[in-house]
Undergrad: 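Pasting in a structure now, in structure tokens, and then I'll have a few things to ask.
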Amino acid sequence: MLTEESFFQAVYTVTRAIPYGRVTTYGAIARCMGSPGASRMVGWALNNCHTLDDFIPAHRVVNRHGLLTGKHHFRHSGLMQELLESEDIKVINDCVVDFEERFWDPCSNLI
DNA sequence: CAGTTGACACCGT
DNA sequence: AACGGTGCCAACT
């Protein structure tokens with residue numbers, strides 16, 4: 001896992017590995033890669049995710065506050081919340097409810 | 001090769 | 001407690 005691949009690719013790998021009904025943060029992914037300071041890189045990687053043919057559940061990735069900062073980058077604003085609610089994740093005011101409970105550490109479950 | 005960007009995280013006020 | 005400014009790393013132009 002994320003050994004030969006670039007950080008860039010690792011982000012996609014980890015993001016796709018996020019289980020149904022779970023969410024994670026940019027920092028967690030970056031930290032999992034071994035670069036805790038590359039949180040911005042994660043966002044940038046996801047920015048290019050829509051250029052790929054593979055579907056990336058980027059709606060499950062939020063900032064450390066549980067805020068849906070990237071919803072504006074989706075095809076339709078609000079789609080991100082729709083997807084989250086479809087996964088039994090409550091979203092109020094662009095913020096994931098019980099975010100800490102829904103939080104899923106990629107490194108702990110991916111190893 | 002060097003500068004700029006990027007959907008953040010952390011510290012200070 | 002909330003808001004603003006600074007710092008990080010890697011990829012893109």
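Note on naming: letters A, B, ... go to the chains in the order of the sequence lines (proteins, then strands), and numbering restarts at 1 for each one.
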Undergrad: Taking A/D88 first and then A/R102, would you say they form a salt bridge - that is, a charged N and a carboxylate O separated by under 4.0 Å?
TA: yes

Undergrad: Just wondering, are more than 12 heavy atoms of other shown residues or ligands nearer than 6.0 Å to NE2 in A/H72?
TA: no

Undergrad: Looking for any heavy atom pair under 4.0 Å, which part of the strands does A/N63 touch: base, sugar-phosphate only, or nothing?
TA: sugar-phosphate

Undergrad: Test side chain to side chain donor-acceptor pair (under 3.5 Å) on A/Q81 and A/H59; report intermediate values, then the result.
TA: CA-CA 8 Å; A/Q81 181 172 338; A/H59 58 276; over 6 Å; no

Undergrad: Would A/R60 and A/E87 pass as an ion pair if we require N to O under 4.0 Å?
TA: yes

Undergrad: Taking side-chain contact (heavy atoms from CB on, under 4.5 Å) as the definition, give me every residue that meets it alongside A/T69, ordered by chain and number, with sequence neighbours left out.
TA: A/Y26, A/N63, A/L67

Undergrad: Starting from A/F55, walk the hydrophobic network (Ile, Leu, Val, Met, Phe, Trp, Tyr; side-chain heavy atoms closer than 4.5 Å) and list everyone else you reach, by chain and number.
TA: none

Undergrad: Under 4.0 Å between any heavy atoms, over every strand shown, what does A/A58 touch: base, sugar-phosphate, or nothing? Just pick one.
TA: base

Undergrad: Any residue in residues 71-103 of chain A with a heavy atom nearer than 4.0 angstrom to DNA chain C? Just list them by number, or reply none.
TA: none

Undergrad: Other members of the hydrophobic cluster containing A/V96, with the 4.5 Å side-chain heavy-atom rule, please.
TA: A/V23, A/V62, A/L68, A/F74, A/L79, A/M80, A/L83, A/L84, A/I89, A/V91, A/F99, A/F103

Undergrad: Donor-acceptor pair, distance only, cut-off 3.5 Å: does the side chain of A/R22 make one with the backbone of A/E101?
TA: yes

Undergrad: Is there a donor-acceptor contact under 3.5 Å from the side chain of A/S35 to the main chain of A/A38?
TA: no

Undergrad: Taking protein heavy atoms under 4.0 Å as touching, what does nucleotides 6-13 of chain C look like 5' to 3' if B marks base contact, S marks sugar-phosphate-only contact and - marks none?
TA: -BBBBSS-

Undergrad: Please identify the 5'-most and 3'-most nucleotides of DNA chain B with any atom under 4.0 angstrom from a heavy atom of chain A.
TA: B/dG6 to B/dC10

Undergrad: Would you call A/K71 and A/D94 a salt bridge, taking side-chain N to carboxylate O under 4.0 Å as the test?
TA: yes

